[in-house]
Asker: 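Can you keep this structure in mind? I'll have questions shortly.
Ligands are counted one by one from 1 in listed order, and the atoms in each one are counted from 1 as well. This structure is a prediction, so every number in the text was calculated from the model and none was measured.
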Amino acid sequence: MPETTNVDYSTKIPNNVGLTDDQRVLKALEQWHPGYIDWWMTMGPEGFQTSDVYLRTAISIDPKGWAKFDYVKMPEYRWGILLAPRQEDRHVNFGTHKGEKAWQEVPGEYRAMLRRLIVVQGDTEPASVEQQRFLGKTAPSLYDMRNLFQVNVEEGRHLWAMVYLLQKYFGKDGREEAEGLLQRRSGDADKPRMLGAFNEATPDWLSFFMFTFFTDRDGKMQLESLAQSGFDPLSRTCRFMLTEEAHHMFVGETGVGRTIEATCAAMKAAGIEDPYDINAVRKLGVIDLPTLQKKANLHFSLSLDLFGSEISSNAATYYNTGLKGRFQETRIDDDHQLANAIYPVSKLVDGQIKSIDEPALTAMNMRLRDDYVVDCNKGVERWNKVIEKTGVKFRLKLPHVAFHRHIGEFQNVKASPDGQLLTDAQWAAQRDQWLPSKADGDFIASLMQPCWERGKFASWISSPKIGIDNKPGDFEYVKIHQG
Ligand code: BYC
């Protein structure tokens, strides 16, 4: 079957890339498959592999009807290779090759760089599944449990997407990298995942929601930039991944939004006006807003690190070579080569944070991060609307980009959420006001009791406005069978 909008299910690996006519790649993927299933069974959602989960599966790449919903046991999910349709006249849209026809094969001189980008992208996908593997056990509802598993199987599919590119275009090296993606483990001291945030724990559901809001949103930005790639198969792959990514960010945004709703409703009902009366609020079995702010501070700062250094020669090379573009590259009104362009970068100068004009080419990471911050702020404003509606006097706010950083300009300084530079002692004295403390973690953990009755929700989170696939409130999203 040639490349098409419909997905071929006759092969073991559903695909729209004509795998039946590409026996070499089909065989390589079939050989990789058992290792993947092994990984999924040992590192995927623990305790629910025999449960029936109401999942969406991609069946087409037609934006109007690309997925179908049905009960599936996760290990039987049809992880497929799906690429957005080829645009016949697509060109390289930026960098020194601007105007050339988009590449259908890997340009030899860029092979190592391209492989690196694909491996880094691929590595994050299984990492997130590993980070979230114990959460099913404390799911606040069947609806949320289903959403977690949906995110997990789709991150698994995104791994398949990167592995396809490695197997198809990178020969022996690609096969080795594909194996490596199954070997590294999130948080493992000896063989950690590649990027910092993907080695952090996701200990509770609030972390999961913050992660899917902030870190999946980095995923969106990075995929958007890779979707601009002159290497057309990467572009097409990322374009389809973005279709799925939208739901992951929805899970995060509405998850936090519903947590806020439950908190504010409980405060109102109990007549508590002061959101900083933490003990009183916690007694209601909900998460106080200042703790939500701390969690946001943590996940935002960890996610900022994922953009790399503000000034990066790697990023300049990725752009110059046409491998990785800017967010919405083709909509930007400039020459798309940027030889003499400048871009303002937040830097530490003589102990002060200043905005300094730098060559735009080396400031690619900074620019993408700025676009990311704008996007995050819109989501935070939507959360603030939820608070505002209830009349509770509190606003969530993103911390300064210098706060709690481990990569780039600010990695060696301590800064408050307002961007004040601090001594180590000042930081140590106030850290627990800004980031979740052990006591905050213990409190949240105490709320993480499973709530698996149909249509019921844990005390700390409100019910969603509408069900998945328009299902009614008491729909059994997961038929739990704990083998
Ligand atoms: N942790 O020039 P620099 C997603 C390394 S999330 C550890 O500053 P560069 C998802 C860097 O690799 C999106 N190491 O940065 C979300 C380099 O090492 P080498 C994932 C880091 O290279 C939720 C050195 O430091 N996709 O999809 O311009 C769930 C100097 O690097 C980190 C991508 O990231 C870090 N945070 O940019 C599931 C897209 N940051 O090469 C999935 C592909 C930097 O000197 N990746 N380093 O050994 C890239 O575009 C780039 O690799 C980065 C780094 C943006 C990550």
Side-chain angles (χ1 to χ4, degrees), residues 112-133 148 150-162 165 177 181 184 186-187 192-200 202 207-229 231 234-235 237-238 240-242 244-249 251-252 299-321 323-327 345 358 361-369 371-372 404-411:
M113 261 190 297
L114 197 48
R115 192 182 69 207
R116 169 88 181 164
L117 281 173
I118 293 169
V119 169
V120 172
Q121 179 63 51
D123 193 67
T124 61
E125 316 290 359
S128 67
V129 176
E130 291 164 5
Q131 289 171 297
Q132 295 159 13
R133 68 185 285 237
L148 165 72
Q150 183 73 60
V151 169
N152 291 160
V153 292
E154 286 176 352
E155 298 302 7
R157 203 200 70 70
H158 292 179
L159 169 61
W160 273 92
M162 291 301 125
L165 293 176
E177 296 283 15
L181 289 167
R184 287 183 289 276
S186 173
R193 290 293 173 184
M194 298 171 91
L195 300 179
F198 292 90
N199 289 301
E200 298 285 328
T202 309
S207 285
F208 169 65
F209 292 139
M210 291 290 181
F211 182 97
T212 41
F213 180 87
F214 286 113
T215 308
D216 279 76
R217 187 168 258 95
D218 166 55
K220 167 185 154 180
M221 302 309 289
Q222 300 291 349
L223 289 174
E224 287 274 4
S225 336
L226 294 174
Q228 304 290 339
S229 184
F231 178 51
L234 176 61
S235 164
T237 302
C238 292
F240 189 73
M241 287 162 77
L242 281 161
E244 289 157 320
E245 203 64 39
H247 176 65
H248 305 186
M249 287 181 295
V251 169
H299 287 272
F300 177 65
S301 57
L302 290 171
S303 302
L304 289 181
D305 283 342
L306 292 172
F307 289 84
S309 299
E310 290 82 348
I311 301 293
S312 164
S313 56
N314 287 351
T317 311
Y318 293 148
Y319 188 83
N320 263 334
T321 51
L323 299 183
K324 184 180 175 193
R326 290 171 292 176
F327 180 57
V345 175
E358 292 283 348
L361 279 172
T362 53
M364 283 294 153
N365 288 343
M366 174 81 193
R367 178 173 180 134
L368 190 62
R369 198 187 75 190
D371 289 330
Y372 168 78
H404 188 240
R405 297 297 308 283
H406 299 93
I407 299 277
E409 274 297 304
F410 306 112
Q411 62 178 320

Asker: Any heavy-atom pair between the side chains of L302 and F211 that's under 4.5 Å?
Answerer: no
Asker: Out of T212, V120, N152, L223, whose heavy atom sits nearest atom 52 (O) of ligand 1?
Answerer: V120
Asker: Among all protein heavy atoms in this structure, tell me which lies nearest to atom 8 (O) of ligand 1, with the distance rounded to 0.1 Å.
Answerer: S309 N, 2.7 Å
Asker: Does one side chain, of S229 or S235, offer a donor that lies under 3.5 Å from an acceptor on the other?
Answerer: no
Asker: Out of all atoms in ligand 1, which are within 4.0 Å of some heavy atom of A315? Include the element for each.
Answerer: 28 (O)
Asker: Starting from atom 7 (C) of ligand 1, which protein heavy atom do you reach first, and at what distance in Å?
Answerer: M194 O, 3.4 Å
Asker: If we only consider heavy atoms of H158, is any one of them less than 4.0 Å away from an atom in ligand 1?
Answerer: no
Asker: For E245, is at least one N or O under 3.5 Å away from an N or O on ligand 1?
Answerer: no
Asker: Does R193 use its side chain to pair, donor to acceptor, with the backbone of R184 at less than 3.5 Å?
Answerer: yes
Asker: Quick one: look up the protein heavy atom nearest atom 54 (C) of ligand 1 and list residue, atom name and how far away it is.
Answerer: G308 CA, 4.2 Å
Asker: N/O to N/O below 3.5 Å, does that happen between F198 and ligand 1?
Answerer: no
Asker: With a cut-off of 4.0 Å, which atoms of ligand 1 are near a heavy atom of D218?
Answerer: 6 (S), 13 (C)
Asker: Is it true that R116 lies under 4.0 Å from ligand 1, counting heavy atoms only?
Answerer: yes
Asker: Hey, which atoms in ligand 1 end up nearer than 4.0 Å to a heavy atom of K324?
Answerer: 49 (C), 50 (O), 55 (C)
Asker: Need the ligand 1 atom indices (1-based, order shown) with element for anything under 4.0 Å from a heavy-atom of F211.
Answerer: 23 (C), 29 (C)
Asker: Can you find a pair of side-chain heavy atoms, one from R367 and one from F327, that are under 4.5 Å apart?
Answerer: no
Asker: Donor-acceptor pair, N152 side chain versus V129 backbone, under 3.5 Å?
Answerer: no
Asker: E155 heavy atoms, cut-off 4.0 Å: which ligand 1 atoms fall inside?
Answerer: 29 (C), 38 (C)
Asker: When you look for heavy atoms under 4.0 Å from ligand 1, do you find them on the side chain of L195, its backbone, both, or neither?
Answerer: both
Asker: Could you pull out all residues at least two apart from F410 that satisfy ring-ring contact (aromatic ring centres under 6.0 Å, His included)?
Answerer: none
Asker: Does the side chain of R217 come within less than 4.5 Å of H299's, by heavy atoms?
Answerer: no
Asker: If you take the nearest heavy atom of each of V151, L323, T215, N314, which one is closest to atom 17 (C) of ligand 1?
Answerer: N314
Asker: Going by heavy atoms in the side chains, are V119 and M162 under 4.5 Å from each other?
Answerer: no
Asker: Hey, which atoms in ligand 1 end up nearer than 4.0 Å to a heavy atom of S128?
Answerer: 29 (C), 38 (C)
Asker: Output yes when a side-chain donor or acceptor of Q131 lies under 3.5 Å from a complementary backbone atom of A197, and no otherwise.
Answerer: yes
Asker: Using protein heavy atoms only, decide if any is under 4.0 Å from atom 1 (N) of ligand 1.
Answerer: yes
Asker: Answer yes or no: is there a donor N or O on one side and an acceptor on the other, between the side chain of N365 and the main chain of F307, under 3.5 Å?
Answerer: yes
Asker: Hey, is atom 47 (N) of ligand 1 touched by any protein heavy atom at less than 4.0 Å?
Answerer: no
Asker: Checking a contact table here: which protein heavy atom is nearest atom 27 (O) of ligand 1, and how many Å away?
Answerer: Q121 NE2, 2.8 Å
Asker: I'd like to check which ligand 1 atoms, numbered from 1 as shown, lie under 4.0 Å from a non-hydrogen atom of L117.
Answerer: 43 (C), 46 (N), 49 (C), 50 (O)
Asker: For atom 5 (C) of ligand 1, is the nearest protein heavy atom closer than 4.0 Å?
Answerer: no
Asker: Verify, without hydrogens or angle tests, whether S186 (side chain) and F198 (backbone) share a donor-acceptor contact under 3.5 angstrom.
Answerer: yes
Asker: Ignoring hydrogens, just give me the one of D123, V119, T362, D216 whose non-hydrogen atom is nearest atom 23 (C) of ligand 1.
Answerer: D216
Asker: Which heavy atom of the protein is the closest neighbour of atom 36 (N) of ligand 1, given with residue, atom name and distance?
Answerer: D305 O, 3.0 Å
Asker: Does Y318 have any ring-ring contact (aromatic ring centres under 6.0 Å, His included) partners at least two apart in sequence or in another chain, and if so, which?
Answerer: none
Asker: Does the side chain of S312 reach to within under 4.5 Å of the side chain of M364, using non-hydrogen atoms?
Answerer: no
Asker: Using a 4.0 Å cut-off to any heavy atom of N365, which atoms of ligand 1 qualify?
Answerer: 9 (P), 15 (O), 28 (O), 37 (O)
Asker: Please answer whether the main-chain N or O of S128 pairs with a side-chain N or O of E155 as donor and acceptor at a distance below 3.5 Å.
Answerer: no
Asker: Taking E154 as the fixed residue, which of Q150, R157, H158 is the one that meets the side-chain hydrogen bond (donor to acceptor under 3.5 Å, both in side chains) rule?
Answerer: Q150
Asker: To which protein heavy atom is atom 53 (C) of ligand 1 closest, and what is the distance rounded to 0.1 Å?
Answerer: L306 O, 4.2 Å
